[in-house]
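So the structure is just underneath, and the comments pick up after that.
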Amino acid sequence: MKAPDFSYFEAQNIEDAIKYKSEDDEAVILAGGQSLLPALNMRLSSPSCLIDISKINNLNEIKIEGDFINIGALATHSDVMNNDLVHEKLPCLVDILKMVAHAAIRNKGTHGGSIAYGDPAAELPAFAVAMNAEIVLSGLSGQRIVNAKDFYLGLFETDLKSDEILIAIRYPLLDVNQHLIFDEVCRRHGDYAMAGLMAKVELDQSKINNLDLVYFATGDKPNVGQNTAKLVIDDGYDYEKLKKSLASEIDFAGDLNSSSEMKLHLATILINKILNKLER
Amino acid sequence: MDDIKVNQNPKLGSMDRPNSYIGRSLPRENAKKHLEGGGQFVDDLVLPRMLHVAFLRSPFAHAEIKSINVEEAKKSPGVFDVYTAKEIDEYCTPWVGTLGHLGEMRSPEQTPLAKKIARWQGEPIAVVIANNRAQAEDALELIEVDWEEKDAQVDMETALDDNAVVIHPELGSNLFWTRTVNQGDVNQAFETSHAVVQTTLDFARHTGVTLESRGIVADWNKSEGKITIYHNGQAPHMMQHIIAKHLEVNEGLVRIVSRDVGGSFGIKVHVYPDEMAVAAISKKLGRPIKFIADRLESFTTDIHARCHKISGKLGVDKEGKILAMEINDLSGIGPFSMYPRTSAIETNQVLNLSGAPYVIPNYKAVGTVVFQNKTPMCQYRAVGHPIAVAITEALIDKAANKIDIGLSEIRKKNFIPDNAYPNKTPSGVPLEDLSHEASMDKLLTMMNIQDIEKEKIANLDKNVLCGYGVISMCEVTNPSPLFYGVGGAHISSQDGASIRLEGSGAIHLSSSITEQGQGTEAIMKQIAADQLGVSMDSVRVTLGDTDATPYGGGTWASRGAGIGGEAVLKAARILKDNILDIAAAIMQTDKNSLDVENNTVIRKNGGEGITLQQLAETVYYRGHELPKGTNPELLATASFLIEGIPFVFTNSAMGCKVSIDQDTGIIKIDKFWAVEDCGTQINPKLVEEQIRGGVIQGIGGALFEECVYDDQGNMQNATMADYLVPMAYEMPDIIVDHVTTNSGRSIIGAKGAGEAGTGGAPAVIMNAVNNALKHHGTEVLSQPITPEKILRALGKI
Ligand SMILES: Cc1cc2nc3c(=O)[nH]c(=O)nc-3n(C[C@H](O)[C@H](O)[C@H](O)COP(=O)(O)OP(=O)(O)OC[C@H]3O[C@@H](n4cnc5c(N)ncnc54)[C@H](O)[C@@H]3O)c2cc1C
């Protein structure tokens, strides 16, 4: 379990990193290394060069920009959890990050790394999709913004182009009647979930006006339960009905800890858990 | 918890005296060393001219090596050489994992590297020797093997079928070993039983997951003809014999050094082909060679354990008295029986230990052990116990439910009474000094079952079900020569201790017991200081070096305190006696008027004494001052061995309460209780660490751990992310208490305490889960009990 040889480039600024990356197809970006380095040590990939972006200044800033909270790609999970703005404007993210791995990993793993890596079992990609976040990418031809919904294409596959670096994620601030509620079922605390749900709920008094259901650890990418959400708004929680609907719109893929039937079941009961958590 | 426990062993004297350390929860010094990063593990060792190795391992469970080409790999940067079986076999003779005392065992010869056929995914077939491990791994990718995949016999349940793949054609079948125990007449007893219950349990394979993986540095010194092996094993003298025998080196010129070892749990007491290859390479090249298993290698080459399917039947009379028990156990051990302890012992223990706490007049047990194309399986902490205890206790719960009596009541009805020892297990193994009745009584007062029952009933129609269980068990500890030695294995059942007073007044102690993190050093110190009358900080301990310690068995089967500790006690008493003889001569007084306290020989009736330092200085530097004829012996050595019985058994009672979420299938252990009777506790806190740690490993087996294989025999979860061990969040409160029945076999009276938790927890957790599920008319009979199994049992998916 020793990584194959690679060269190493410590980028001082984004421009250098982009330039370097565009010149070498086989180079990869290194952020916190919590996903990349284990993969290298297992010799699952052998990149030519690691472009270390972790020393680039200001890429870990967390700030309010208009109606958005902007989280810099290099903010670690711990940075985000301990940030006052996040506590004030997006407290649900703090609770979500408590479920991401363990303290040591959260001290290194970055927000941008998790979003860019696009692990279908990870919390943040689903969170970004549910929040309708904007993903800020920077490449040779400048910056562009991709909506999180359009960013995830398939299993570990994103819209990130080979010359691009993810530099920030912009989350629209929630209105007072909007809530982001999440729950997940894990075999052990800190593990990737057997199934998890990010639900963005918009309330009118106590009635659900709008609902987005985004699942993680269920398929090849964050899975949106669009029709199912409509059923919930119309009829409330009906296990059999919702299960049938989820089965028809999401292709549940089993893994070592839970079969596809298990995931479908958990996805269904997670809706009930979310509704129970909703303070109406 | 108070840190001073009254020592209830009259043979050890009162605790109300200076330097009375036996029975106290003193902190152990080596914990500080490890916390500060000051340990010395095998991988910390760097020797001049040292080379590193990486093994090419079979990617298939069963495949023929048509050809193998290492030429490109040899040219890879930093590579010294690349060997296959041909080169290694010249330096290491093959071995066979069979013993002579348990009936016929059939296992073929095994060599360090597979020759023509690889028989499990992970079996080593070639080795790269390079300047560092990374370069060795680079070269592995350049070795070309022309594989011809063969059908694999993965499932143990079909291993004896007519159309099974016979892994070793020369043996004719995949049968390794079988044993039948038959006491009384079970068939007749079942016929006359008021109720007969049956069940079948499945136990997945799991493994030991030591924090420090296996590691070895072998250093052949050609000019001395001596090989030194730095090894993180448990039994240095066993290893000394093995290396001498298979490398054909004079045994006296083999030195095994086992310094700090980061956990072992039985994983590191076996002979591994890759480690033997490393020793052979060192002898071939005359250079130090290092191998440290990485985590992937650990998962596919460390021994696995469990892998049993056991069915059982229990007959009781109207009152719930057991009339008969019958079990039939099948176990799969991979393609070879491990050397030198064999892979028969787990099944043997299942047959020996099932029903052990109870009077069972008619008992039949059949064990069958088969080969399969998976990682070899062998003895791991609590060998066989989880299976024996789970089948016994599951059947007893079923019987209690059937005739509608309480779970503790049925057990109490059937215990071998505390005053009826010596006695025998249903299988006929001698038992003595046990306390199932007292332990269960204590457990019940700790648990308060009425309250749990109330909560359970209140929850019956809620989403979260509540359940509980109680069990009793016997634990094998302190084995005698009848365990391995009698079967022809060079595994010492005796241990030695050597203790000396040095010129500075310091005490040096060495023992053949080894330390893997459990606190061996600490208890050795406590015994020596207690018996000598010196402060703890004046004792220094050396363990784990065949050149420096007395000969003996090492650490396994919970034998360190009971056997090794007794040897220390005996040696310390001899040394003290010598000290008093010399002091009496110097002080011109009667020996009986003297004692040693706080490192000083005192006059019991008052008056000036002399310090041990003064005494030692006189003996060592000014011996001419001693009265003529004084024996200047300040070094004492003693040994100890269990005689007359196969094992010194320990007993425990355990209880637990669980909650089951019917939506998610997640099981939470709300609380766990354990009462242990291990006789004298030398250091109560260390005993409780053993119980708690053991329980956690038992929780692993019951709820989480499984080596998952696909049907081609590929292990699917060989990483720490996918193989689930319980972590801090999964650890419940574990309340531990004790009953003390000293072992009559020794002065110290200590039995072992290292394995009960691992042996008992799976049974009591499973019973608690099924107690909770009972209301829904369902049960889960296979471990680990995963959320998915719960949901399937409840019909949710
Ligand atoms: C034991 C363990 C448990 C874990 N459990 C969880 C969990 O429960 N939930 C969870 O969500 N995560 C979990 N993780 C993953 C963790 O959150 C990672 O830190 C995260 O997914 C990746 O962040 P990183 O900064 O470490 O990325 P790296 O490992 O450095 O990179 C990951 C990938 O993303 C690319 N990348 C990184 N940053 C950028 C960027 N700015 N622009 C473009 N590409 C980029 C890299 O090239 C690489 O391909 C776990 C990790 C471990 C080791």
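These numbers come from the heavy atoms of this one structure, side chains and all, not from hydrogens, waters or symmetry mates. Here the structure is a predicted model, which is why all the values come from computation and not from measurement. Just so it is clear: chains get the letters A, B, ... in the order the sequence lines come, proteins before strands, and each one is counted from 1.
- With a 4.5 Å cut-off on non-hydrogen atoms, B:Arg295 touches chain A through its backbone and its side chain both.
- Of the two parts of B:Leu724, the backbone and the side chain both hold a non-hydrogen atom closer than 4.5 Å to a non-hydrogen atom of chain A.
- To the nearest 0.5 Å, atom CE of residue A:Met1 and atom OG of residue B:Ser213 are 9.5 Å apart.
- Close approach to chain B, defined as a heavy atom under 4.5 Å from one of its heavy atoms, is seen in A:Leu256, A:Asn257, A:Ser258, A:Ser259, A:Glu261, A:Met262, A:His265, A:Leu266, A:Ile269 of residues 250-269 of chain A, taken by number.
- More than 12 heavy-atom neighbours from other residues, nucleotides or ligands sit within 6.0 angstrom of CG on A:Asp234.
- Of the residues considered (B:Leu296, B:Asn132, B:Asp294), B:Asp294 shows the highest number of contacts with chain A, using heavy-atom pairs under 4.5 Å.
- Counting non-hydrogen atoms of other residues, nucleotides and ligands closer than 6.0 Å to NZ of B:Lys796 gives a total above 12.
- With rounding to the nearest 0.5 Å, the separation of CZ in A:Arg43 from CD in B:Glu137 is 5.0 Å.
- Using modelled atom types, no side-chain atom of A:Arg188 and backbone atom of B:Glu730 make a donor-acceptor pair closer than 3.5 Å.
- In this structure, A:Glu26 places its CD atom where only 12 or fewer heavy-atom neighbours from other residues, nucleotides or ligands lie under 6.0 Å away.
- Residue B:Leu211 qualifies as open at atom CG: its count of foreign heavy atoms under 6.0 Å is 12 or below.
- Contacts of B:Glu141 with chain A are made by side-chain atoms alone, with heavy-atom separations under 4.5 Å and no backbone atom involved.
- Proximity to chain A (any heavy atom under 4.5 Å) is restricted, for B:Asp661, to the side chain, taken from C-beta onward.
- Note that CG of A:Asn272 and CG of B:Asp663 are 7.0 Å apart. Values are rounded to the nearest 0.5 Å.
- At least one side-chain heavy atom of B:Ile666 sits under 4.5 Å from a side-chain heavy atom of A:Met194.
- More than 12 heavy atoms of other residues, nucleotides or ligands sit less than 6.0 Å from atom CD of A:Glu10.
- In this structure, B:Tyr729 places its OH atom where only 12 or fewer heavy-atom neighbours from other residues, nucleotides or ligands lie under 6.0 Å away.
- With rounding to the nearest 0.5 angstrom, the CG atom of A:Leu270 is 9.0 Å from the OG1 atom of B:Thr664.
- When the shell of 6.0 Å around NZ of A:Lys108 is examined, it contains 12 or fewer heavy atoms from other residues, nucleotides or ligands.
- Taking 4.5 Å as the limit, every side-chain heavy atom of A:Arg187 sits out of range of all side-chain heavy atoms of B:Leu703.
- Of the atoms belonging to B:Ala721, it is backbone heavy atoms, and not side-chain ones, that fall under 4.5 Å from chain A.
- Proximity to chain A (any heavy atom under 4.5 Å) is shown, for B:Ile667, by neither the backbone nor the side chain.
- Atom NE2 of B:His52 and atom NZ of A:Lys2 lie 9.5 Å apart (nearest 0.5 Å).
- For a residue to count as touching a neighbouring chain, one of its non-hydrogen atoms must lie under 4.5 Å from one of that chain's; by this rule A:Tyr192 does not touch chain B.
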